[in-house]
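Here the structure is laid out as structure tokens; the discussion comes afterwards.
Each chain gets a letter, A, B and so on, in the order the sequences are listed, and its residues count up from 1.
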Amino acid sequence: MTNSAHPQSAAPRVRFAPSPTGYLHVGGARTALFNWLFARRQHGTMILRIEDTDAERNKPELVEGILDGLRWLGVDWDEGPFYQSQRGALYQDAAQKCLAAGHAFLCYCPAERYVGGDAAEEGAAAGTVRRVVRCPCRDGLPAAAGKPSSPETKPAIRFKAPLGGKVEFQDAVFGAREVAGEEIEDFVLLRSPRGAETAGLPTYQLCVVVDDADMRITHVIRGADHLSNTPKQVLLYRALGAEPPIFAHLPLILGADRTRLSKRHGATDVNMYRTEGFLPEAFRNFLSLLGWSAGGDEEFLRTRDLIEKFSLEAVSRTNGVFDRPKLEWFNTQYLQKLPIEDLLPEVAAELKRSKLWREEWASGAGHEWFARTVDLLRPRIRLLPDFSTWSRAFFSDDFPCDPAAKEKFWKDQRFPRMFAQLADTLAALPEWSHDPCDHALRALAEAEGVKAGLLINATRVAIVGQAVAPPLFDTMVALGRERVVARLRKAATSFGAA
RNA sequence: GGCGCUAUGGUGCAAUGGUUAGCACGCGGCCCUUUCAAGGCUGAAAUACGGGUUCGACUCCCGUUAGCGCUACCA
């Protein structure tokens, strides 16, 4: 009984559904990115939904950080954000509907009767109950388990999982999936009320399905950690009279030791990468290649390329390691290869943060100078803040002189004299450009009987305060005659004297 | 424990059942050179193991091993 709203016939609708129990982590960001790439590629709709049903672990103040992370990543959304905490009636209705239709039952078991996870292992060893597969309450025997059913006992609502048969669904990444009905446990839909005033809160399984159905999500793209839970959700879709969407489970992102990525692997908060000064497009490129590839050998893929080439079918099924060195490589690639005008705003923002920015660089000749200087600097920059630290001497006269770099030259008393001499020569140059500076310095070096390279290195330290900088004469041109001459004169008097 | 997923160099990805198994990061060497980068060239480095199927297997099937996921009144 397919209707016109069948998942595959409509324009795709996808969603990213973080829960505000922490920051936006790398794995979530990758999930968000893939949803977004898919939506943009297919001209579909991207929806943002905040899954905040866990009243205890949920921290509303974290939502803004997650949204910031998404915005920085360049992931935008067409609908939402919706909050599950504000949609309670929908879940209550759905649970009642399941109950009325016989798809669910009231469970009077105390919550602590059944345990899972590690505790289950211990329980198994002790020969006690391991897990809920078939709850004794499902046949309408509230007290069947021998539990006290006092008038105060408030039931949970559990889904009545099938005793046999198969549950099938389609996964764009993992293929056609099939699970035996008896493998699925009687999972909770509505928690039993804790305390007299609290209504039973819905569980994740109920909320996702109700919302995904209500929001007409056609493709559920999420982490592979949800793969095993999907059959339960498929059952719920059917019970609610909805057609299940197509699923696409993404392989997990692991740390260097191949365990799940966590804080001890370093930064896992996307906003930390922003703070460190990665370019969002570089981060996006790197992230997109974790569990996906465009097919060929091309790796430098700008956002438009990613959108053009993205497909769920090309997503890998293998968990991948988050390789920070490669992320850094991507960043340097973007720093170098981006059209200069695309990079300038990021650099300007960095300089503003560091209070080094000057409005005259925003337009006209000042802007041209700014663009040329950034262009000169960028092959050596690794992270955005390097522009205001490592390259500080290019944007301010207030910069430190590296003592170690200075020490290499200050013992040689010829340098102060040569700096003074060079300053005079440069000041008198008819034209301020690379070659005249070059010739002037080499002529001086020859006259003084000093190797040109040595004088070049010393001069570099004199005018930018450090041994590492772009080629000297390009640096001179970028700094401008005024600054170079002034800094040389200052070095002439302060260099030898310590 | 049960159920499931996965397996190509250290890492991320390629390879219609037929390639000397390719690219990139990282690592080593060389070139360039005015410091440091960048760039160019280059080297080492992989199909987890065992059985099948096939003329031929990284590719298909089975088993083993390992890793991971799920197994919550978390999401």
Side-chain angles (χ1 to χ4, degrees), chain A residues 17-21 51-54 56-58 84 107 109-117 119-121 123-125 130-133 156-158 174 177 179-180 183-185 187-194 200-205 207-208 222-232 249 251-252 254 256 258-260 286 289-300 314 316-330 332-333 335-336 377-382 390 405 438 441 451-457 459-461 466-473 475:
Chain A
S19 68
T21 53
E51 309 219 319
D52 54 352
T53 54
D54 185 346
E56 283 158 28
R57 299 199 308 153
N58 182 37
Q84 289 189 326
C107 172
C109 299
E112 59 277 13
R113 181 169 192 281
Y114 299 104
V115 291
E121 311 260 339
R130 281 245 330 279
R131 61 168 184 159
V132 181
V133 177
I157 297 180
R158 278 186 193 274
F174 287 86
R177 307 284 309 160
V179 176
E183 289 294 331
I184 302 167
E185 51 266 34
F187 55 97
V188 171
L189 260 26
L190 238 45
R191 300 176 175 94
S192 57
R194 307 195 225 256
L201 290 169
T203 61
Y204 165 74
Q205 311 287 4
C207 295
V208 253
R222 65 198 347 176
D225 47 345
H226 288 103
L227 190 56
S228 300
N229 282 325
T230 305
K232 294 175 191 163
H249 287 95
L252 270 19
L254 311 174
R258 305 208 74 96
T259 63
R260 215 167 180 167
F286 167 73
L289 262 19
L290 220 47
W292 175 78
S293 92
D297 288 336
E298 271 310 307
E299 286 200 306
F300 186 85
S316 159
R317 286 172 297 278
T318 317
N319 293 170
V321 171
F322 184 89
D323 187 32
R324 168 142 182 151
K326 186 138 189 182
L327 167 61
E328 292 176 355
W329 175 80
F330 267 111
T332 58
Q333 288 296 301
L335 246 8
Q336 281 173 67
L377 258 11
R378 63 173 171 165
R380 266 150 269 254
I381 299 291
R382 300 195 67 77
W390 183 82
D438 191 332
L441 184 140
K451 291 185 75 175
L454 185 62
L455 182 55
I456 286 172
N457 290 340
T459 304
R460 179 180 294 110
V461 176
Q466 58 193 24
V468 175
L472 183 66
F473 306 114
T475 296

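When both pairing distances are held under 3.5 Å, B:U59 makes no Watson-Crick or G-U pair with any nucleotide shown. Checking B:A72 for Watson-Crick or G-U wobble geometry (two distances, each under 3.5 Å) identifies no partner in any strand. Of all nucleotides present, only B:U6 satisfies the Watson-Crick or G-U wobble test against B:A66, with each distance under 3.5 Å. Look at B:A15: it lacks any Watson-Crick or wobble partner with both distances under 3.5 angstrom. Base pairing analysis places B:A21 opposite nothing; no Watson-Crick or G-U wobble pair with both distances below 3.5 Å involves it. Nucleotide B:G39 has B:C31 as its partner under the Watson-Crick or G-U criteria, with both atom distances under 3.5 Å. Of the nucleotides present, none pairs with B:U54 by Watson-Crick or G-U wobble criteria with both distances under 3.5 Å.
Dashed line: the shortest gap from a side-chain N or O of A:R324 to OP1 or OP2 of B:G12 is not under 4.0 Å. A sub-4.0 Å separation between OP1 or OP2 of B:G39 and a side-chain N or O of A:Q333 is present. When the side-chain nitrogen and oxygen atoms of A:R258 are compared with OP1 and OP2 of B:G10, none of them lie within a distance under 4.0 Å. Residue A:R317 has a polar side-chain atom (N or O) positioned under 4.0 Å from OP1 or OP2 of B:U6. Remark: A:T318 is not in phosphate contact with B:C5, judged by side-chain N or O atoms under 4.0 Å from OP1 or OP2. Taking 4.0 angstrom as the limit, A:R260 places a side-chain polar atom (N or O) nearer than this to OP1 or OP2 of B:C70.
Taking only distance into account, the side chain of A:E299 meets the base of B:G12 through a donor-acceptor pair shorter than 3.5 Å. The base of B:C73 is paired with the side chain of A:S192 by a donor and an acceptor separated by under 3.5 Å.
When the C1' atom is compared between B:C27 and B:G4, the two are found 38 Å apart, to the nearest whole Å. B:A14 sits 14 Å from B:C60 when the P atoms are compared, rounded to a whole Å. B:C13 and B:U8 have their P atoms separated by 10 Å, with the value rounded to a whole Å. A distance of about 7 Å separates the P atoms of B:G9 and B:A48, rounded to the whole Å.
Computed from coordinates, the A:E183 CD to B:C3 C1' distance equals 5 Å when rounded to whole Å.
Within the 4.0 angstrom heavy-atom criterion, no nucleotide atom of any strand lies near A:P18.
For A:E298 and A:I381, each mapped to the nucleotide of RNA chain B holding its nearest heavy atom, the one lying further toward the 5' end belongs to A:E298. Mapping A:Q84 and A:G320 onto RNA chain B by nearest heavy atom places A:G320 closer to the 5' end of the strand.
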